[in-house]
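This is a predicted model, so every value here is computed, not measured. One-based numbering along the sequence shown.
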Amino acid sequence: MKKIIAFFKESHAELKKVVWPSRDDAISSVKVVIISTIVVAAILGVIDLLLFRGITALF
C-alpha cells in the first residue's frame with residue numbers, strides 16, 4: 001500500500017512540473033491537425049479516384 005501512495009505522490013509532483021499549453025496554443029494546434037487531416041484526405045481521395053479509373057479502364 002505504501003508503494004501505491006508513493007506512486008500517486010510522485011505522479012502529482014511530476015504533474016506540477018508540466019508546462020501546459022495555453023488555450024491559444026492548443027486551439028492553433030487543433031487547427032493545424034484538422035487542416036492537415038483534410039488535406040491528406042483530399043490527396044488520398046484523388047489518388048484513390050485515379051487508381052479506380054485506371055483499373056476500370058484496363059479491365
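Rounding to the nearest 0.5 angstrom, the gap separating the NZ atom in Lys2 from the NZ atom in Lys9 is 11.0 Å. A distance of 13.5 Å separates CD1 of Ile43 from CG of Asp48, quoted to the nearest 0.5 Å.
When the options Glu14, Lys16, Glu10 are evaluated for a side-chain contact (heavy atoms from CB on, under 4.5 Å) with His12, the one that passes is Lys16. Among the candidates Val30, Ile35, Thr37, the single residue satisfying the side-chain contact (heavy atoms from CB on, under 4.5 Å) test with Val33 is Thr37.
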**Study point:** Verdict with supporting geometry, Trp20 and Asp25, side-chain contact (heavy atoms from CB on, under 4.5 Å)
**Key:** CA-CA 10 Å; Trp20 297 100; Asp25 290 340; over 6 Å; no
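Using a 4.5 Å cut-off between side-chain heavy atoms of Ile, Leu, Val, Met, Phe, Trp and Tyr, with links allowed through other members, Phe52 and Leu44 fall into different hydrophobic clusters.
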